[in-house]
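Take a look at the structure below.
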Amino acid sequence: MTSDGVAVGGVDREAVARARTAAADADRVVVKAGTNSLTDGDSRLDRVKLDKLVADVMDLRRRGKEVVLVSSGAVGAGIGRLGNGEGTGSVDVEIDRGSDVIDERQALSTVGQSLLMRHYTQSFDRYDQPVAQILVTGADLDAPERFENFTNTVETLLEWGVVPVINENDAVATDELRIGDNDMLSASVAIALGVDLLVTLTDVDGVYTGNPKRDPDATVIEAVGTNYDVVRELVGDSTTTDFGGIQTKVEGARDAAESGTPAVIAGSATRDVLDRIAAGKPTGTLFVPTAGETNE
């Protein structure tokens with residue numbers, strides 16, 4: 001079934017228009033940047049991509065919006081710092097970029113996180129925009145006292161005009177480096193902070209009817225709402241190792257939408273991607289807030 005079919009394209013037009021207007025009018029936005037949006041073909045941190053992300057975030061700041069950035073990329077930064085004869089400094093480590101050994105990837109993230117934040121600080125400094133690092137685990141959002149401390153800190157930073165940059169605290173986590181962990185983290189943060197919009201940036205232009213890297217006929221699904229179950233099935237059928245992360249992005253966006261927050265999954269390489277969303281232009285795939293209803 002294609003995106004112009006009844007099940008996939010059947011979201012109420014008025015509901016889509018309202019959600020797009022709400023997304024454009026959002027005062028507080030969570031922006032999630034995935035690993036592929038920040039790294040190159042060798043899994044190393046790509047400064048050009050990072051600078052574009054920062055420029056896009058600043059488009060929102062210039063509109064007077066508060067922005068919370070949930071950022072992946074620490075492992076990629078660690079690989080670029082240490083790996084395979086390409087590291088800088090006195091340490092050089094042989095790294096299997098495809099390894100799923102959790103200890104190694106956690107260690108890489110600890111090396112890369114400081115480098116990632118240095119690049120963010122330098123990039124945001126071009127706009128005189130201060131940033132702050134916050135590392136969290138699931139326990140920080142689940143335990144009431146720690147959750148309160150987290151939200152109070154973020155609220156204070158936003159009041160000061162600072163952009164919080166949030167990532168998983170991979171050094172003390174066990175499962176946090178699985179594909180899509182920050183997709184669910186960004187949704188949890190969006191819900192916890194009661195933001196007005198969640199934007200997930202990825203290396204494809206939205207949610208497709210198939211895997212666009214393998215299916216030339218795959219098309220972007222404009223909106224997801226009561227058609228969620230059909231979309232989820234399409235995504236499941238199209239998933240491969242080079243497209244698997246889209247599942248958790250869809251789940252995270254749906255979680256936000258069910259809480260009443262519009263969400264957008266869009267391509268990080270799209271020109272002025274966040275400014276387009278803030279201008280109310282159709283961009284990527286829009287998740288319309290629902291009351292938990294589906295098409296089943």
Side-chain angles (χ1 to χ4, degrees), residues 23 26 28-39 45 49-50 52-61 65-77 109 112-113 116-117 119-121 123-124 129-142 146-147 150-151 153-155 157-158 162-171 173 175-203 245-257 259 261-268 273-274 277 284 287:
R28 179 176 290 184
V29 183
V30 167
V31 176
K32 186 267 178 176
T35 298
N36 289 339
S37 300
L38 291 166
T39 56
L45 186 66
K49 289 184 177 180
L50 185 145
K52 181 191 182 300
L53 170 64
V54 168
D56 288 332
V57 168
M58 291 308 301
D59 284 339
L60 297 185
R61 292 292 295 135
K65 300 178 186 295
E66 297 175 332
V67 181
V68 177
L69 178 58
V70 177
S71 175
S72 300
V75 172
S109 75
Q113 184 62 38
L116 179 66
M117 282 307 303
H119 285 319
Y120 270 128
T121 299
S123 191
F124 275 109
Q129 172 63 60
V131 296
Q133 172 182 265
I134 303 178
L135 299 178
V136 298
T137 64
D140 297 317
L141 301 180
D142 293 336
R146 293 165 72 171
F147 172 77
F150 166 74
T151 55
T153 296
V154 174
E155 291 288 351
L157 291 169
L158 294 176
V162 176
V163 172
V165 181
I166 301 175
N167 198 355
E168 292 273 3
N169 191 347
D170 295 323
D175 299 327
E176 271 47 355
L177 286 172
R178 293 176 178 171
I179 291 175
D181 57 292
N182 273 350
D183 297 319
M184 304 313 295
L185 172 62
S186 60
S188 297
V189 169
I191 294 168
L193 296 175
V195 304
D196 307 305
L197 173 66
L198 168 65
V199 179
T200 299
L201 298 177
T202 184
D203 62 339
I246 196 66
Q247 288 181 303
T248 52
K249 292 171 178 59
V250 168
E251 290 172 12
R254 175 63 173 184
D255 286 349
S259 75
T261 301
V264 176
I265 297 176
S268 59
V273 58
L274 298 181
I277 295 170
F287 285 71

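When atom types are taken as modelled, the side chain of N167 and the backbone of S71 share a donor-acceptor pair closer than 3.5 angstrom. T151 places a side-chain N or O within 3.5 Å of a backbone atom of F147 that can act as its donor or acceptor partner. K65 contributes a side-chain N or O that, together with a main-chain N or O of A26, makes up a donor-acceptor pair within less than 3.5 Å. A donor-acceptor pair under 3.5 Å is absent between the side-chain atoms of S123 and the main chain of Y120, judged by distance alone. Under a 3.5 Å cut-off, the side chain of T261 and the backbone N or O of A257 do not form any donor-acceptor pair.
Put simply, the side chain of V136 reaches to within 4.5 Å of the side chain of I166, judged on heavy atoms. The side-chain heavy atoms of V163 and V68, taken from C-beta on, include no pair separated by under 4.5 Å. For the pair T39 and K49, the minimum side-chain heavy-atom distance is 4.5 Å or more.
With rounding to the nearest 0.5 Å, the separation of CZ in F287 from CD1 in I265 is 4.0 Å. From K249, atom NZ reaches atom CG of L198 across 11.5 Å, with rounding to the nearest 0.5 Å. Here the CG atom belonging to L274 is positioned 7.5 Å from the CG atom belonging to L53, to the nearest 0.5 angstrom. Note that the OG1 atom of T202 and the CG atom of D183 stand 8.0 Å from one another [nearest 0.5 Å]. A distance of 7.5 Å separates OG in S268 from CG in L38, rounded to the nearest 0.5 Å. How far CG of L135 is from CD of E168: 9.5 Å, rounded to the nearest 0.5 Å.
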(request) Quick one: do V199 and L201 satisfy side chain to side chain contact (heavy atoms under 4.5 Å, CB included)? Show the steps, please. (result) CA-CA 6 Å; V199 179; L201 298 177; 3.8 Å; yes

(request) Kindly indicate, with the supporting measurements, whether the criterion side chain to side chain contact (heavy atoms under 4.5 Å, CB included) is fulfilled by V189 and V195. (result) CA-CA 9 Å; V189 169; V195 304; over 6 Å; no

(message) Please determine whether side chain to side chain contact (heavy atoms under 4.5 Å, CB included) holds for the pair L116 and V165, giving the CA-CA distance in whole Å, both sets of side-chain angles, and the decisive distance to 0.1 Å.
(response) CA-CA 10 Å; L116 179 66; V165 181; 5.9 Å; no

(message) R146 vs T137, test: side chain to side chain contact (heavy atoms under 4.5 Å, CB included). Steps then yes/no.
(response) CA-CA 10 Å; R146 293 165 72 171; T137 64; 4.1 Å; yes

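The minimum heavy-atom distance between S259 and I191, with the atom names listed, is OG-CG1, 3.6 Å. Closest heavy-atom contact between V162 and L158: O-CD2, 3.8 Å. Here the closest non-hydrogen pair linking V67 and P164 is O-CD, 3.4 Å. Considering every non-hydrogen atom in both S186 and V30, the closest pair reads O-CG1, 4.0 Å. The minimum heavy-atom distance linking S109 with A74 is given by the pair O-CB, 3.8 Å.
Remark: R28 engages E66, E155 in a side chain to side chain donor-acceptor pair (under 3.5 Å) (not counting sequence neighbours).
Remark: the N182 side chain and the S72 side chain contain an N/O donor-acceptor pair separated by less than 3.5 Å.
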